[in-house]
There are 2 protein chains.
Amino acid sequence: MIQDSHTDFSLGEVRVSMTPQERFDEYLQSKGKRTTSQRRVLVDHVFSRHEHFDADELIDQLNRKARGADRVSRATVYRALDELVEAGLLRKMSLGSRSVYEHDYGYPQHDHLHCTECDELIEFRSDELLALREAVARGYGFRVTGHRLTISGVCRACAEKRHRKISPLDLI
Amino acid sequence: MIQDSHTDFSLGEVRVSMTPQERFDEYLQSKGKRTTSQRRVLVDHVFSRHEHFDADELIDQLNRKARGADRVSRATVYRALDELVEAGLLRKMSLGSRSVYEHDYGYPQHDHLHCTECDELIEFRSDELLALREAVARGYGFRVTGHRLTISGVCRACAEKRHRKISPLDLI
DNA sequence: TTCGTTGCAAAAGTTTTGCAACTTT
DNA sequence: AAAGTTGCAAAACTTTTGCAACGAA
């Protein structure tokens, strides 16, 4: 996970010159905040996989992993997630009642297909969309800082599951 | 607000042949539900203006309007909002901690520019986006049912406000 | 009369916060 | 030592729900 900082570091596709840990430390320093074992454990865990997660899942995973000395409390997780978002390491989105987080640092800009049956999030990239958002914004004198597109529907797997359950005759 | 049902009814741009009230009644009937004074008051109020609103705002407005006999309780407002969404009259989105609602029935498909300073929502339409979403989905064998795009940034008014406060010299 | 509806208050679910004890710098 | 951080429990918020009284069909 942690590498010599002179080497480029790859998470997904974008190459960056610091590990998430290093980048977070930098953020903390710049804010007069401190590097603690809780923050280290949390960042390490969050960037060891590239899945979407919510606060509750993260809390569970951390508790299962480290029941001992460096447990991270619920409150601390929420506080750290806010910091990671502010530091630009994570992106937050609301997908249901809970907020969902995903990697931002070292990960390319993308949007999502959201399957409303199984809740899976499929990522996709579209440069056209970036052009479109600029074109729209220009028309309103709007200064864009970002966007979020979620296309909802049914993923291939769930569509197939349905077909197996519903006989073709039922569809007439 | 209420018109002869043989006349077309216009809310925004799309012409429909029933008032929201009529359409809601139809939905209620089809579900074996009943037309009550609370539901009438609520639908009437919601479709008397074309703004985005959340449950709390709506409850306040209704209480201010009708303090007397046909008050609508908090619980009933939440229950009715769910029904209006299911009936296709309203669309629900989560923009912060609260859910925000907007007209769906009789109103054209659109997306939003969201100003992060003043929270204003500016609506826009883009046919290109509809094409884009189909193209993307096709690539994943995904069956689209809808989408939501929110472009965030700073609206013209807020950008100007900033300029007035910050002298050009500060920007160097 | 039957059965859906309402209002209330309590409950639920997620996130935030006050505070005393504890760590990092 | 000074100042930020943690964990806990309580609080804050939004939304949902059980239930008895009420109202529509």
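Quick note on labels: first sequence line is chain A, next is B, and so on, each numbered from 1.
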Review point. Between B:Arg79 (CZ) and D:dT16 (C1'), how many Å, whole number?
Key: 9 Å
Check your understanding: In chain order, what residues pass the salt bridge (charged side-chain N to carboxylate O under 4.0 Å, His left out) check against B:Asp54, with sequence neighbours excluded?
Key -> B:Arg98
Review point. If only side-chain N and O atoms of B:Thr76 are considered, is one of them under 4.0 Å from the OP1 or OP2 phosphate oxygen of C:dG7?
Key: yes
Pairs of donor and acceptor atoms involving the side chains of residues 76-90 of chain A, under 3.5 Å and at least two apart or interchain, shall be tabulated with distances.
| residue | atom | partner | partner atom | Å |
| --- | --- | --- | --- | --- |
| A:Thr76 | OG1 | A:Ser73 | OG | 3.1 |
| A:Glu83 | OE1 | A:Arg39 | NH1 | 3.0 |
| A:Glu83 | OE2 | A:Lys33 | NZ | 3.1 |
| A:Glu83 | OE2 | A:Arg39 | NH1 | 2.7 |
| A:Glu86 | OE2 | A:Tyr27 | OH | 3.3 |
| A:Glu86 | OE2 | A:Lys31 | NZ | 3.3 |

Dump every N/O contact between nucleotides 9-13 of chain C and the protein below 3.5 Å, one line per pair.
none

Practice item. Would you kindly give the CG-to-C1' distance between A:Asn63 and D:dG7, to the nearest whole Å? Key: 12 Å
Point to revise | Expected output: side-chain A:Thr116 to main-chain A:Gly153 donor-acceptor under 3.5 Å | key: yes
Can you tabulate the close N/O pairs, meaning under 3.5 Å, that link protein atoms to atoms of nucleotides 23-25 of chain C?
| residue | atom | partner | partner atom | Å |
| --- | --- | --- | --- | --- |
| C:dT24 | O2 | A:Arg34 | NH1 | 2.6 |

Check your understanding: Mind checking what makes side-chain hydrogen bond (donor to acceptor under 3.5 Å, both in side chains) contact with B:Arg91, not counting sequence neighbours?
Key -> B:Asp104
Check your understanding: Given atom CG of B:Asp56 and atom C1' of D:dA12, what is their separation to the nearest angstrom?
Key -> 13 Å
Study note, to complete from the structure: Comparing nearest nucleotides in DNA chain D, the 5'-proximal residue of the pair A:Gln38, B:Ser99 is A:Gln38
Review point. Considering residues at least two apart in sequence or located in another chain, which fulfil the salt bridge (charged side-chain N to carboxylate O under 4.0 Å, His left out) criterion with B:Glu26?
Key: B:Arg23
Check your understanding: Whole Å only: how far is the CD1 atom of A:Ile59 from the P atom of C:dT16?
Key -> 11 Å
Exercise for review: Provide, to the nearest angstrom, the distance between the CD atom belonging to B:Glu57 and the P atom belonging to D:dT15.
Suggested key: 11 Å
Practice item. Could you work out which one of D:dT15, C:dT14, D:dT6 sits closest to the side chain of A:Tyr78? Key: C:dT14
Exercise for review: Please name all residues satisfying ring-ring contact (aromatic ring centres under 6.0 Å, His included) with A:His112, sequence neighbours left out, ordered by chain then number.
Suggested key: A:His52, A:His110
Review point. Of all residues at least two apart in sequence or in a different chain, which pass the salt bridge (charged side-chain N to carboxylate O under 4.0 Å, His left out) check with A:Glu134?
Key: none
Review point. With ILVMFWY side chains joined below 4.5 Å, transitively, what does B:Tyr140's cluster contain besides itself?
Key: A:Leu113, A:Ile122, A:Phe124, A:Leu129, A:Leu132, A:Val136, A:Tyr140, A:Phe142, A:Val144, A:Leu149, A:Ile151, B:Leu113, B:Ile122, B:Phe124, B:Leu129, B:Leu132, B:Val136, B:Phe142, B:Val144, B:Leu149, B:Ile151
